[in-house]
Each structure stands twice: as C-alpha cells, then as structure tokens.
Amino acid sequence: EDMFFPVSERDKLEFDALGVPLKPKAYICIHPGSRSRWRQWPTAYFAPIGDFCRDKGLDVVITGSESELDLADELAGRMKNKPVVLAGKTSLGAVGYIIENAFGLVANCTGVLHIAAALKTPSVIVSMDGEPHRWGPKNKSLHSTIDWTVNPNYKVVLGLVKEMIEMN
C-alpha cells in the first residue's frame, strides 16, 4: 500500500545546480509525456490546465525525459503563461526532488505518478490506457485518476485540478 522513493541531498544539489528559483509548494508540476504516444493526453488539454494553475498563483514546471523535450516545448508554446521547462535537464532523483516539493502533479498515467504517490504529493492523473484501477495511485484522497477511455471530458479533469488546489 505504501511506496518509497528516496530523495537524497545529491538530488537536491542536482536541482539547485539548475539555478531555477522555485519556492516549495508554490508550483504545479505537469508531466505531458509517456512512453507511448497513444498514452499521452494532448498538450491542447494540458496547456489550459497549466494556465489555470498559473492564474491561481502557482508557477508551472514541465518535466519529462530528454526524448520528451519536443513535447514539453509544444506544451509550453500552447500556454499563455510562460512555464519553467525542465524536461531533459534532470536526473530521476532531481525529478523526485521537484515532485516532492511541488504543490501537486498533473500527468498521464506514467512513472511520475508513482513518484508522487511515494512522496505523498497530490496529483491528478489522466489514464489513456483504460487501466487506472491497475496503474493508478491507491490513495484516492490524495490522488485523482480519470479514465479517459470511459470519460473523455476535459471539464472533469479541470474540476479535479480545482479541487486539488482548493483542498491544499
């Protein structure tokens, strides 16, 4: 039931070396990537979620692997407000540090959701594969998972992001 993801002093130092002035719990992390393109919620949906979060006073940080940099740049280009793009610039440990200190995470059903679950960072997860019961976080009070194959409704995702912001 409980997961563990150790975040070390080295991970913090790797993040600090990026020189990005992020205040803990004052930013939302958006992770638009996933191993398979068909498992990725469109950036056209992630972008207004990011802008909504920015309008609510949260900075927006886009994470991802080096292979997802184009996707992160596409998302950043769709946003009205300029996000911090850290895709391709961090180790897994530094991503753990970023998620641990984030206000919350909005992502596809992919590896970062497990990091958020282990670090008890609230999240809204969009499952594009129809198996959120299998891969989604267990703690439903901290994490919301939407099965896009059953309920492909942007307003549901936005509503859950609003709830996450209001609850915390």
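In this structure, L71 CG and H31 NE2 are separated by 8.5 Å, a value rounded to the nearest 0.5 Å. Taken from CD in E100 to CG in L105, the straight-line distance is 13.5 Å, to the nearest 0.5 Å.
Under a cut-off of 6.0 angstrom, the local environment of NZ in K56 is sparse, with at most 12 non-hydrogen atoms contributed by other residues, nucleotides or ligands.
Counting only distance, with no hydrogens or angles, the side chain of N108 and the backbone of P32 share a donor-acceptor pair below 3.5 Å. Between the N101 side chain and the Y97 main chain, a donor and an acceptor come within less than 3.5 Å of each other. Judged by distance alone, the side chain of D51 and the main-chain N or O of M79 form no donor-acceptor pair under 3.5 Å. A donor-acceptor pair is defined here as one N or O able to donate and one able to accept, closer than 3.5 Å; such a pair exists between the side chain of E68 and the backbone of S65.
Looking at I98 and L86, their side chains come closer than 4.5 Å, going by heavy atoms from C-beta outward. Taking 4.5 Å as the limit, every side-chain heavy atom of Y27 sits out of range of all side-chain heavy atoms of C53.
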Subject >> side-chain contact (heavy atoms from CB on, under 4.5 Å) between L18 and T90, worked out >> reply: CA-CA 8 Å; L18 296 171; T90 59; 3.7 Å; yes

**OP:** Let me see the working for M164 and I28 under side-chain contact (heavy atoms from CB on, under 4.5 Å), right down to the final yes or no.
**Re:** CA-CA 11 Å; M164 179 175 63; I28 194 92; 3.5 Å; yes

Subject >> side-chain contact (heavy atoms from CB on, under 4.5 Å) assessment of V161 paired with F52 >> reply: CA-CA 9 Å; V161 171; F52 171 80; 4.2 Å; yes

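Ring orientation note: the planes of F46 and W41 are nearly perpendicular, at an angle over 60° on the 30°/60° scale.
When ring centroids are compared, W148 and Y45 come within the 6.0 Å threshold.
Under the 4.5 Å side-chain heavy-atom criterion for grouping Ile, Leu, Val, Met, Phe, Trp and Tyr, L13 is not connected to V7 through any hydrophobic cluster.
Each of I165, I49, I146, I125 was checked for a side chain to side chain contact (heavy atoms under 4.5 Å, CB included) with L160, and the lone residue meeting it is I146. Shown are T43, L75, V61; of these, the side chain to side chain contact (heavy atoms under 4.5 Å, CB included) with I30 is made only by L75.
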